Visitor: 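Submitted below is the structure of interest, expressed as structure tokens.
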Amino acid sequence: MSLDIVVFGHILNPISDKKCEYFKNGAMHLKFSKSKDAYQIKQLGTKRKVLQGLKGEFQEIDYSEQVIIPSFFDMHFHWVQDDVREMPKANLLKWLDNYTFPAEMKFKNKAYSKKRAKDFFKRLVSVGTLGGACYSSIHGHTLENAMDEVTGDFVIGNVLMTMNSPQQLTQTKTEALSLVSKYSKKYKQKYALTPRFAIATDPETMKESVKIAKKNKSFIQSHLSETPNEIEFVTGLYKEIKGFEKIKTYTEIYKKVGMLGPRTIMGHGIHLKPSEIKMLKETDTAIAHCPTSNAPIKEKGLGSGLFDFKKIERNKIRWALGSDIGGGPILSMFDVIRSFVDQNKKAEVKGATHIMGLYRSSLAGAKLLNLDKTMGNLSVGKEANFLVLPKLRNLDDLSAETVLSSYINHGRKRRKNYDKMVDKVFYKGKLLHTPA
Ligand code: GUN
Ligand code: FE
């Protein structure tokens with residue numbers, strides 16, 4: 001029998017864009033579920049109330065002076081781009097050619113890939129990310145390495161590249177499809193069919209692979225409308241391809257090959273025409289918004305532009321946040337939240353709060369993966385996946401928004417500090433990570 005656990009701390013529980021519960025001097029009662037091999041949250045509230053409802057023996061874990069938040073979901077990142085996060089960025093297509101493709105080529109070596117996977121996924125836990133959607137390179141073993149080394153609840157895919165790519169990263173259609181067939185069958189709903197983007201994946205491969213993914217209930221992810229020169233290039237390209245002569249937009253290409261739908265997550269979607277928004281809405285396709293990647297070049301982003309989250313909200317398109325490592329330079333979702341809030345503030349767009357940033361980095365991500373019934377925040381009944389943050393001074397009488405902004409401001413001087421912002425990581429109620 002595993003003893004029940006009671007965790008004490010100041011607890012933040014994101015509920016929606018506008019609502020985040022805050023239990024100052026709070027507690028969580030965790031109970032072990034044998035069938036799930038996980039501790040689940042039995043009660044959440046103030047310390048006094050939770051203790052009142054407790055009977056029998058239990059173990060106490062005391063983080064009384066610290067803040068507890070749910071673990072993060074990062075809904076768009078490339079685990080094989082760890083080395084290019086801080087490489088010079090002029091624009092997307094140049095950065096891909098000059099730095100990203102050469103970095104991904106190196107993963108052809110199996111020993112190298114395994115070693116890098118062990119290192120990367122360990123660091124991912126240490127920044128508190130325990131869920132999300134991840135891109136590997138074209139190589140089958142980089143997908144397997146990621147699946148083997150990852151801790152948490154992720155969908156992962158190998159990128160498909162069959163055209164307009166460097167020779168060492170170009171697959172035949174047959175190679176691409178046989179990888180999809182093998183891994184979609186093997187990993188089912190943990191697999192994400194991942195045509196890199198319509199520039200690099202031919203339409204026939206996209207169309208055929210979608211059929212395989214749908215049969216196995218796998219997810220689908222790709223890049224959409226990240227930069228204007230990418231859009232110009234892709235629409236020009238497809239006008240020369242038989243069957244696509246009449247396409248007017250980038251989104252239309254994906255629609256035509258069957259890629260849009262409720263299990264599809266498109267990265268970026270910054271520069272969308274009204275007709276494209278309509279297509280995304282009608283197909284219930286989701287968007288992963290990656291503010292640190294889209295940020296100006298002087299902020300180490302690709303300068304792709306500002307995502308109009310209000311327009312996406314108005315159209316009821318589901319969306320969540322992602323780091324887009326290595327388009328974004330920092331692994332921690334704290335930095336992604338910071339950038340989301342800062343960029344909107346600077347552009348005088350109202351409503352982009354830290355609460356919203358936290359919600360879009362946790363529960364909203366879990367929702368895109370249909371995992372929100374069992375994870376994504378700290379509500380009763382969910383698995384105990386949470387982060388303990390270091391003690392900060394003066395947490396008395398603050399709101400959820402000010403507590404969160406204190407942490408964000410604390411790391412602001414040096415963005416890399418966000419990667420060290422998490423003191424303890426619990427997954428399914430078990431302690432995974434304590435910094436050295
Ligand atoms: N579009 C196609 N490939 C990529 C990539 O690796 N990163 C980003 N940010 N955009 C892309
Ligand atoms: Fe990306």
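Keep in mind the model is a prediction, meaning the values are calculated, not measured. Just so you know, ligand 1 is whichever comes first in the structure, and atom 1 is the first atom listed for that ligand. In what follows, residues are counted from 1 in the order of the sequence shown.
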Visitor: Between the main-chain N or O of Gly258 and the side-chain N or O of Lys214, is there a donor-acceptor pair closer than 3.5 Å?
Guide: yes
Visitor: Step by step, work out the salt bridge (Lys or Arg N to Asp or Glu O under 4.0 Å) result for Lys255 and Glu252.
Guide: CA-CA 5 Å; Lys255 176 143 193 253; Glu252 219 178 321; over 6 Å; no
Visitor: Below a 4.0 angstrom heavy-atom separation, can you tell me which part of Val159, side chain or backbone, both or neither, approaches ligand 1?
Guide: neither
Visitor: Short list, please: which atoms of ligand 1 are under 4.0 Å from a heavy atom of Gln81?
Guide: 5 (C), 6 (O)
Visitor: Please identify which atoms of ligand 1 are closer than 4.0 Å to at least one heavy atom of His268.
Guide: 9 (N)
Visitor: Please check if the number of heavy atoms outside Glu204 that lie under 6.0 Å from its CD is greater than 12.
Guide: no
Visitor: Looking only at protein heavy atoms, which one is nearest to atom 10 (N) of ligand 1, and how far off is it?
Guide: Glu226 OE1, 2.7 Å
Visitor: Is any protein N, O or S atom closer than 2.8 Å to the Fe ion (ligand 2), and if so, which?
Guide: His76 NE2, His78 NE2, His223 NE2, Asp324 OD1
Visitor: Identify which one of Lys122, Arg123, Lys115 satisfies the salt bridge (Lys or Arg N to Asp or Glu O under 4.0 Å) criterion when paired with Asp82.
Guide: Arg123
Visitor: Which protein non-hydrogen atom lies closest to atom 9 (N) of ligand 1, naming both residue and atom, and how far is it?
Guide: Asp324 OD2, 2.7 Å
Visitor: Examine the proximity of ligand 1 to Glu230 and report which part, side chain or backbone, both or neither, has a heavy atom under 4.0 Å away.
Guide: neither
Visitor: Could you identify the single nearest non-hydrogen protein atom to atom 3 (N) of ligand 1 and state the distance to 0.1 Å?
Guide: Arg196 NE, 2.9 Å
Visitor: Do His223 and Ile199 have side-chain heavy atoms sitting under 4.5 Å apart?
Guide: no
Visitor: For ligand 1, which atoms have a heavy atom of Trp95 less than 4.0 angstrom away?
Guide: 7 (N)
Visitor: Within a distance under 4.0 Å of any heavy atom of Leu96, pick out the atoms of ligand 1 and give their elements.
Guide: 2 (C), 3 (N), 4 (C), 5 (C), 6 (O)
Visitor: Applying side chain to side chain contact (heavy atoms under 4.5 Å, CB included), run through Glu276 and Tyr250 and close with a yes or a no.
Guide: CA-CA 8 Å; Glu276 297 183 276; Tyr250 198 167; 3.7 Å; yes
Visitor: Could you walk me through whether Asp83 and Arg116 pass the salt bridge (Lys or Arg N to Asp or Glu O under 4.0 Å) test, one step at a time?
Guide: CA-CA 10 Å; Asp83 285 347; Arg116 297 304 304 259; 2.8 Å; yes
Visitor: A cation-pi test, strictly: NZ or CZ of Lys239 under 6.0 Å from the centre of the six-membered ring of Phe244 and no more than 45 degrees from its axis. Yes or no?
Guide: no
Visitor: What I'd like to find out is whether the side chain of Tyr135 reaches to under 4.5 Å of the side chain of Val80, using heavy atoms alone.
Guide: no
Visitor: Quick one: sort the Trp319 and Phe340 rings into parallel, tilted or perpendicular, breaks at 30° and 60°.
Guide: tilted
